[in-house]
Amino acid sequence: MNGSAGRDPASTLPEPAALAELARSVAAEAAGLLMTRHGTPRVVQTKSSPTDVVTEMDRAAEELIRRQILAARPGDAILGEEGGQTGSGAVRWIVDPLDGTVNYLYGLPDWSVSIAAEAAGTVVAGVVCAPLRRATYTATLGGGAWLESGWLAAPQRLTCNAGVPLQEALVATGFGYQASQRAAQGAVAGALLPRVRDIRRNGSAALDLCSLAGGLVDAYYEQGVHAWDIAAGGLIAREAGAMVAGFRGNEAAAEMTIAASPRLFAELHDMLAALISSVPRGR
Ligand code: IPD
């Protein structure tokens, strides 16, 4: 998207900074709502397995986000984890109202509100708000990735770690909710473990990508993620210098999402491809 978008009569696409600003204020409001029931939400549904829960607060946060986005931009489309796809505007918002639902349920701190704006099929703005980290991560396409934090006097530009060889890399990953998927993912993680510094499983894919952007881990990979888990965090990681993609040049998606600085990305990509083809599949 170029700088003249929004002024060209042929295009009604707004500036990424304006979309990021809207995402930031809506995410902060949703985070405030979520804070009122942190550790004490009511489970109202299960999805792919009995441990894949939806709480009343996932729903309430998504309703708030949808209401506020559409109040500001009535024609836009929204893809949300709980409500699916609605609308068909040129701007599509990709929303995980509560990424890290299990952490939230147990009162653990690493959960976030993740909101991305996609224009003409490209994510151009992304915000991940993690109130218990006192952190809001923001990126716009070409505008860098930034951390605003209650611990910092001013916003800090994020740069992912570079020059880390695979055997010294701290690698974040995640696991799906279905037993067979977890068995396969665990086998790959077990085979990777002796080949890297260590593995972290923090429970929010969006925050894993932000941690990568800020140098808190060196790499992230996961199979089975959804667009709402990685849309905002993926842009934040890219704008911090990471490569974010799937296997063999495919886009980051459920088949595989890998994120790391380019050289480490290549090493991890090849290692994961080899491990996935060699470890026994889960039952
Ligand atoms: C989950 C988290 C988790 C990841 C799972 C996601 P949810 O999202 O991001 O870290 O490993 O793949 O489904 O269910 O908390 O919104």
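Counting starts at 1 for both ligands and their atoms, in listed order.
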Any N or O on [X] sitting closer than 3.5 Å to an N or O of ligand 1?
X	result
Val102	no
Gly203	yes
Asp96	yes
Val225	no
Asp52	no

If you measure from [atom1] on [X] to [atom2] on [Y], what distance do you get to the nearest 0.5 Å?
X	Y	atom1	atom2	result
Asn161	Glu168	CG	CD	12.0 Å
Glu56	Thr40	CD	OG1	8.0 Å
Tyr177	Ser48	OH	OG	7.5 Å
Met271	Arg195	CE	CZ	5.0 Å

Would you say Ile276 and Tyr220 are hydrophobically clustered, going by side-chain heavy atoms of ILVMFWY under 4.5 Å?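 Different hydrophobic clusters.
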Do Phe175 and Ile230 belong to the same hydrophobic cluster, where Ile, Leu, Val, Met, Phe, Trp and Tyr are linked whenever their side-chain heavy atoms lie under 4.5 Å apart, directly or via other members?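 No, no single cluster joins them.
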Considering only heavy atoms of [X], which atoms of ligand 1 have at least one such atom less than 4.0 Å away?
X	value
Glu222	4 (C), 5 (C), 11 (O), 12 (O)
Tyr177	1 (C), 7 (P), 13 (O), 14 (O), 15 (O)
Ser204	9 (O), 10 (O)
Ala205	2 (C), 9 (O), 10 (O)
Gly174	11 (O)

of all protein heavy atoms, closest to atom 16 (O) of ligand 1 is Glu81 OE1, 3.1 Å
Please write down residue, atom name and distance for the protein heavy atom closest to atom 8 (O) of ligand 1.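 Here the nearest protein heavy atom works out to Asp99 OD1, 3.0 Å.
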Measure [X] to ligand 1 on non-hydrogen atoms and call it side chain, backbone, both or neither using the 4.0 Å cut-off.
X	answer
His226	neither
Arg201	side chain
Asp229	side chain

Would you indicate whether the side-chain heavy atoms of Val113 and Ile65 approach each other to under 4.5 Å?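 Touching, per the 4.5 Å side-chain cut-off.
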Are Ser211 and Asn202 close enough that a side-chain donor and a side-chain acceptor fall under 3.5 Å? no
Looking only at side-chain N and O atoms, does Ser114 offer a donor or acceptor that is under 3.5 Å from a partner on Ser112? no
Examine distances only and state if a side-chain atom of Glu267 and a backbone atom of Pro165 form a donor-acceptor pair shorter than 3.5 Å. no
